[in-house]
Amino acid sequence: MSFKEDLQTFIDFLKNNDDHESAKKEYRRLIKTYHPDHAPEQDKGLYNDYILLINKVYAAGKTKTKETEIETEPQSKSKVYTFTRKGFDGKDYVYKCANYFDYLYKVARNEYHTGHEMLHFHHLNYMDRKAIDQNSLEVMQHYWNAIKCYKFILKNCKDPVILSSTDFELKMTQDAVNNLARSLTASDGKGLAIS
C-alpha cells in the first residue's frame, strides 16, 4: 500500500471511529512505518513530510491550537506587519516587521518555541497518559505551524538575511518532530520516553 492510500485509510478510520485507543494504536503503527529512521538515506526528507502529514491528520480537530494561516497573494509594499508576543512577565511585546516574510519568520520561531516549552513542561511534570497524548498533539500542531511558515519562506522569499536562518530553523523543527514521534511510539504508557 502506498503512503497516500495508507494516509487516506487513516483519515477514513478517524472519521468513522471514536475509540481513542484504536486511533492511537493506528497512529503509532503509521509513525513506526513511515519514520525517517526506517527510510533509505535518499528518502529521509520525504519521510519527514510523511510524519508531518500523519501528525497533522491525527491532530486535526483534537487540539486547541489553530493552524497558522498564510497569505498567498502578493504583499503590498506599503503594508506594515507587526508581530505580538506575550512575554514571561505577562506583558505584550509588539515588533515591527520589515516585510511579510520577516513577520512569518517571527511567527514560525514563536510556534517552535511554544511547542518546545510545552514539551519541556511535560518532561518535567509527568502527567497522566491521556493528558500527555493530548498535549503532545498540541506540541505537534505548533511544530507543524512553524514548518509550514518556514517552507513558505524558503519557496517565496528572496531576502538573503531571512533565508540564511530559515533553512537551519526548518531542519531543527523537523528534528524536533521526529524526536517527539520517536518518543511517543517508544513510551511505556507512564509518560513520554526521553530520547
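Worth knowing before you read on, the calculation uses all heavy atoms, side chains too, and leaves out hydrogens, waters and symmetry mates. Bear in mind that the values here come from a model prediction, so they are computed numbers and not experimental data.
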(Q) Show, in sequence, the C-alpha distance, side-chain angles and deciding distance for Phe152 and Glu71, and conclude whether the side chain to side chain contact (heavy atoms under 4.5 Å, CB included) test is met. (A) CA-CA 10 Å; Phe152 183 84; Glu71 296 175 22; over 6 Å; no
(Q) Test salt bridge (charged side-chain N to carboxylate O under 4.0 Å, His left out) on Asp49 and Lys151; report intermediate values, then the result. (A) CA-CA 11 Å; Asp49 291 341; Lys151 285 189 170 185; 2.6 Å; yes
Q) For Leu53 and Phe3, what are the C-alpha separation, side-chain angles and deciding distance, and is it a side chain to side chain contact (heavy atoms under 4.5 Å, CB included)? A) CA-CA 10 Å; Leu53 285 169; Phe3 172 74; 3.9 Å; yes
(Q) Is there a side chain to side chain contact (heavy atoms under 4.5 Å, CB included) between Leu52 and Trp144? Walk through the geometry before answering. (A) CA-CA 7 Å; Leu52 290 172; Trp144 167 259; 3.6 Å; yes
(Q) What verdict does the side chain to side chain contact (heavy atoms under 4.5 Å, CB included) test give for Lys106 and Asn110, after you've listed the backbone C-alpha separation in whole Å, the side-chain angles of each residue and the deciding distance to 0.1 Å? (A) CA-CA 6 Å; Lys106 286 179 172 63; Asn110 187 61; over 6 Å; no
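A side-chain donor-acceptor contact under 3.5 Å links Glu5 and Ser2. If you check the side chains of Asp12 and Gln8, you find a donor sitting under 3.5 Å from an acceptor. For the residue pair Asp6 and Tyr34, a side-chain donor N or O sits within less than 3.5 Å of a side-chain acceptor on the partner. For the residue pair Gln174 / Tyr143, no side-chain donor-acceptor distance below 3.5 Å is found, with atom types taken as modelled.
Side-chain contact check for Asp102 versus Tyr81: every heavy-atom pair is 4.5 Å or farther apart. In this structure, Asp92 and Arg85 have side chains that are not in contact, with every pair of non-hydrogen atoms separated by 4.5 Å or more. Using a 4.5 Å heavy-atom threshold, the side chains of Glu111 and Cys149 count as separate. Lys96 has its side chain out of reach of Phe83: every pair of non-hydrogen atoms, C-beta onward, lies at least 4.5 Å apart. Using a 4.5 Å heavy-atom threshold, the side chains of Asn48 and Val177 count as separate. In this structure, the side chains of Tyr27 and Val57 stay at 4.5 Å or more apart for every pair of heavy atoms. Contact of the Ile162 side chain with the Asn99 side chain is registered, since non-hydrogen atoms from C-beta on lie closer than 4.5 Å.
Crowding of Glu41 atom CD: a count of heavy atoms from other residues, nucleotides or ligands under 6.0 Å not exceeding 12. At most 12 heavy atoms of other shown residues, nucleotides or ligands fall within 6.0 angstrom of atom CZ in Phe168.
Nearest heavy-atom pair across Ala23 and Phe10 is O-CE1, 4.1 Å.
Rounded to the nearest 0.5 Å, atoms NE2 (His142) and CD1 (Ile147) are 13.5 Å apart. Rounding to the nearest 0.5 angstrom, the gap separating the CE atom in Met118 from the NE2 atom in His113 is 15.0 Å. Atoms CG and OH, from Leu170 and Tyr112 in turn, are 12.0 Å apart once rounded to the nearest 0.5 Å. How far OH of Tyr150 is from CD of Glu169: 4.0 Å, rounded to the nearest 0.5 Å. Summarising the geometry, atom CG belonging to Leu7 is positioned 7.5 Å from atom CG belonging to Leu30; distances are rounded to the nearest 0.5 Å. Rounding to the nearest 0.5 Å gives a distance of 11.5 Å between OG1 of Thr114 and CD of Glu138.
Between His35 and His38, the ring planes are perpendicular. Angles over 60° get that label, and only those under 30° would be called parallel.
In this view, Tyr103 satisfies the side chain to side chain donor-acceptor pair (under 3.5 Å) rule with no residue, not counting sequence neighbours.
With Asn145 contributing its side chain and Thr68 its backbone, the two residues share a donor-acceptor pair below 3.5 Å. Remark: side-chain polar atoms of Lys44 are paired, donor with acceptor, to backbone N or O of Pro36 under 3.5 angstrom.
Clustering ILVMFWY residues whenever any of their side-chain heavy atoms sit less than 4.5 angstrom apart, transitively, puts Tyr100 in a cluster other than the one holding Val161. Under a hydrophobic clustering in which Ile, Leu, Val, Met, Phe, Trp and Tyr are joined whenever their side-chain heavy atoms come within less than 4.5 Å, directly or via other members, Val94 and Val80 fall into different clusters.
Paired with Lys171 under the rule side-chain hydrogen bond (donor to acceptor under 3.5 Å, both in side chains), one option of Asp175, Thr173, Asp167 passes, and it is Asp167.
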